Amino acid sequence: MNKEVKSETEKIEEYLLQRQKRLCSQASRFTPAIMRERYNVDISQMFTDMELRKEAKKNKGSKPTTLTEVVDVISSTPGCRALIDGEGGIGKTTILRHLSYTWATATQSIKLFEGKIVFLLSVRDLEKDDNIFDQIVKQIDMEDFNLDTDLPEDPRLIQDFLITHDDKVVLLLDGLDELRFNNPSVISLFKKKNLEESTVILTSRSENIDEFVKESNVHVRVKGFNNESIGKYIDKHFEYFEEPQLGKSLKKELDIFIGDTQHRYRRERKHEDVYSMCKNPMLLCSICLLWQDSQNLPTDKAELFKEIFRNILNQFNKHEQFAKLSKFENPPAKYVNAMILLGKCMYDRLKVNQLSINMRDLNDKHTKKDLVDMSVKLGFVYEEAPISKSNFENIFMPPHKLIVESLVGFYLCKLCESEGKENTEDVRRLLTPLDDDEWEVIRESDHLHRAREFAIGFLGDKAGGFLKHWVTNLQVYNVTGISYV
């Protein structure tokens, strides 16, 4: 029998479909930064539904919804434009990873985006003059394309396919807030100036999204985990590590009693700050790991993050077979310097509301390679995969915005503590004094609000060294506990 001859279009579609399913199925396993490479977590085992609110048009309020309901609406709306927003680290990226994995594996009873080709893309990777086509093509090895399809190594073939068959395309675009260079391609896509029939799901933090809200067919706000979801996540986490009793004890410590109607009427918890953090998946992971390590949760936020710092460093120690830190008060100087370096780089990025840093940033702040290398290996950040073979820039991301803000606060704390002291050459290079204009930026910037609180909390009764840059007659203030004022 004669072998069926496939058309050029069929070859391209089959190639893209197989390639994307392979990539998206591999995205099921990830390693939280603070676990380092010791553990791979399966998203299909750990994913827990988050509290979602479907936002109505014209400020008419919102109503609870589920991810299944949202996906049903998106799937049944031709050329749907969906916006998912929420605070940094609340779980927006996890939702996109879950959707892409579910599509690739088709293990659910509902076959997600059946007959479509799904692309999971990071908005941050768009260069100044890039469009979405450029980003997709950059990720494709054209030599592999040629070997698989016997078609020319011409990126325009893929671009033409996407344009003429845009109804088959689903774009999961992650992180509008990380868009660089004011690139207009995302809003053009959302306004259907190109790929009009494609399905687009865009995530963003909740600032500066009004124009996208107006163009969206579906607008969903991620509120994080509710009480029941927190309990489910804790159970899954400790079952994964075969320590279910620790999960039960953590839920008891946090006053999480699923199905207990009396729980709803409790006026206060022992750990209100920690509980509010647990609504965020990335922070809840940190809390679970901290509980595994010490079964202790400080009620003060600065002390809590010192414990989180200690736990992250101990994860590194465990991997490197170094001695475990019992307290954060006096960690090795090399760790402190590496954390200061991270905080210093993150300070420059946080001022402009950016969370990622790159190796160039770190090398610009310090010339010693061993310190730079340690700063990215400790576990406070993880390296983002390059979008193409030609991209040699090393991009590093924190697991959550609070990690950035706490490290910036740590840097500012150490900057204040170093004033008037005899420091080593390394420390002097890391803690170069700031001028009055820079301290004014620190005082006024909304993006640095939490970092200021962390700096004051870490300094404690020495917070006068921080506040003196703005407050005169400081002696009339009791600065102990000022972070709560």
Side-chain angles (χ1 to χ4, degrees), residues 9-30 42-44 47 67-84 91-126 131-141 144-145 148-149 155 157-176 185-186 189-190 192 194-204 216-218 220 384-385 387-388:
T9 297
E10 289 172 328
K11 288 181 179 180
I12 296 172
E13 181 176 357
E14 184 177 298
Y15 173 81
L16 290 176
L17 185 63
Q18 291 178 354
R19 179 187 185 276
Q20 291 307 116
K21 287 209 169 188
R22 183 174 66 254
L23 289 177
C24 291
S25 64
Q26 292 170 354
S28 68
R29 301 190 70 80
F30 66 101
D42 193 320
I43 198 169
S44 63
F47 183 80
L67 187 57
T68 300
E69 290 173 348
V70 170
V71 170
D72 284 346
V73 173
I74 293 172
S75 299
S76 61
T77 306
C80 187
R81 297 303 190 256
L83 176 65
I84 300 176
K92 304 181 297 293
T93 299
T94 303
I95 287 175
L96 292 194
R97 290 176 70 105
H98 176 70
L99 291 178
S100 64
Y101 171 74
T102 303
W103 167 76
T105 56
T107 55
Q108 305 296 316
S109 57
I110 300 174
K111 292 188 177 180
L112 186 65
F113 304 133
E114 191 170 12
K116 310 278 188 179
I117 304 173
V118 173
F119 297 88
L120 176 60
L121 306 170
S122 174
V123 174
R124 187 188 64 249
D125 292 331
L126 284 169
N131 56 39
I132 296 300
F133 302 120
D134 296 324
Q135 192 176 359
I136 290 173
V137 172
K138 279 181 183 179
Q139 297 183 11
I140 295 174
D141 185 331
D144 176 68
F145 172 75
D148 195 272
T149 63
L157 292 175
I158 296 172
Q159 181 167 322
D160 289 345
F161 172 85
L162 296 174
I163 292 172
T164 56
H165 298 84
D166 56 343
D167 60 316
K168 294 180 178 292
V169 175
V170 176
L171 297 172
L172 307 180
L173 305 181
D174 189 36
L176 173 67
S185 63
V186 180
L189 180 68
F190 230 64
K192 299 188 177 182
N194 49 52
L195 297 181
E196 182 178 347
E197 297 299 320
S198 66
T199 298
V200 180
I201 305 177
L202 173 68
T203 70
S204 176
S216 64
N217 304 104
V218 179
V220 175
E384 290 274 275
I387 63 170
S388 69

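None of these values were measured; they are calculated from a predicted model. The first residue of the sequence shown is numbered 1, and numbering continues consecutively from there. Quick note: numbers below take in every heavy atom, side chains included, and nothing from hydrogens, waters or symmetry partners.
Nearest heavy-atom pair across L173 and V186 is CD1-CG1, 4.5 Å. Between T164 and D160 the shortest heavy-atom distance is OG1-O, 2.8 Å. For the pair I201 and I74, the tightest heavy-atom approach, listed with the atom from each and the gap, is CD1-CD1, 3.8 Å. Residue I84 comes nearest to K92 through the heavy atom pair O-CD, 3.8 Å, listed as atom of the first residue, atom of the second, then distance. Summarising the geometry of A82 relative to F190, their closest heavy-atom pair is O-CZ, 3.6 Å, with the distance given to 0.1 Å. Heavy-atom minimum distance, Q135 versus D125: NE2-CB, 3.5 Å.
Both the sub-6.0 Å distance and the 45° axial angle are satisfied by K21 relative to the ring of W103.
Taking CD1 of I117 as the reference point, atom CG of D166 lies at 11.5 Å (rounded to 0.5 Å). Note that the OG atom of S122 and the CD atom of Q139 stand 9.5 Å from one another [nearest 0.5 Å]. Between atom CG of residue L112 and atom OG of residue S75 there is a gap of 6.0 Å, rounded to the nearest 0.5 Å. One distance of note links NZ of K192 with CD of E197; it measures 7.0 Å at 0.5 Å rounding. Here CD of E196 is found 11.0 Å from CG of D167. Values are rounded to the nearest 0.5 Å. The CD atom of E10 lies 13.0 Å from the OG1 atom of T149; values are rounded to the nearest 0.5 Å.
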Item to complete: Dump the intermediate steps for side-chain contact (heavy atoms from CB on, under 4.5 Å) on T203 and L176, then the final yes or no.
Response: CA-CA 6 Å; T203 70; L176 173 67; over 6 Å; no
Item to complete: Step by step, work out the side-chain contact (heavy atoms from CB on, under 4.5 Å) result for T102 and F113.
Response: CA-CA 9 Å; T102 303; F113 304 133; over 6 Å; no
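Contact of the I140 side chain with the L16 side chain is registered, since non-hydrogen atoms from C-beta on lie closer than 4.5 Å. Counting only heavy atoms from C-beta outward, the side chains of V200 and L189 approach each other to under 4.5 Å. Looking only at side-chain heavy atoms (C-beta outward), L171 and I136 come within less than 4.5 Å of each other. Counting only heavy atoms from C-beta outward, the side chains of Q20 and L23 approach each other to under 4.5 Å. Counting only heavy atoms from C-beta outward, the side chains of V218 and L83 never approach each other to under 4.5 Å.
Counting only distance, with no hydrogens or angles, the side chain of N217 and the backbone of R81 share a donor-acceptor pair below 3.5 Å. A donor-acceptor pair is defined here as one N or O able to donate and one able to accept, closer than 3.5 Å; no such pair exists between the side chain of Q159 and the backbone of F133. With S25 contributing its side chain and A104 its backbone, the two residues share no donor-acceptor pair below 3.5 Å.
Put simply, the residue from V169, L172, V170 that forms a side-chain contact (heavy atoms from CB on, under 4.5 Å) with F119 is V169. Put simply, the residue from Q18, H165, K168 that forms a side-chain contact (heavy atoms from CB on, under 4.5 Å) with E13 is K168.
Under 3.5 Å, the side chains of D174 and T93 contain a donor-acceptor pair of N or O atoms.
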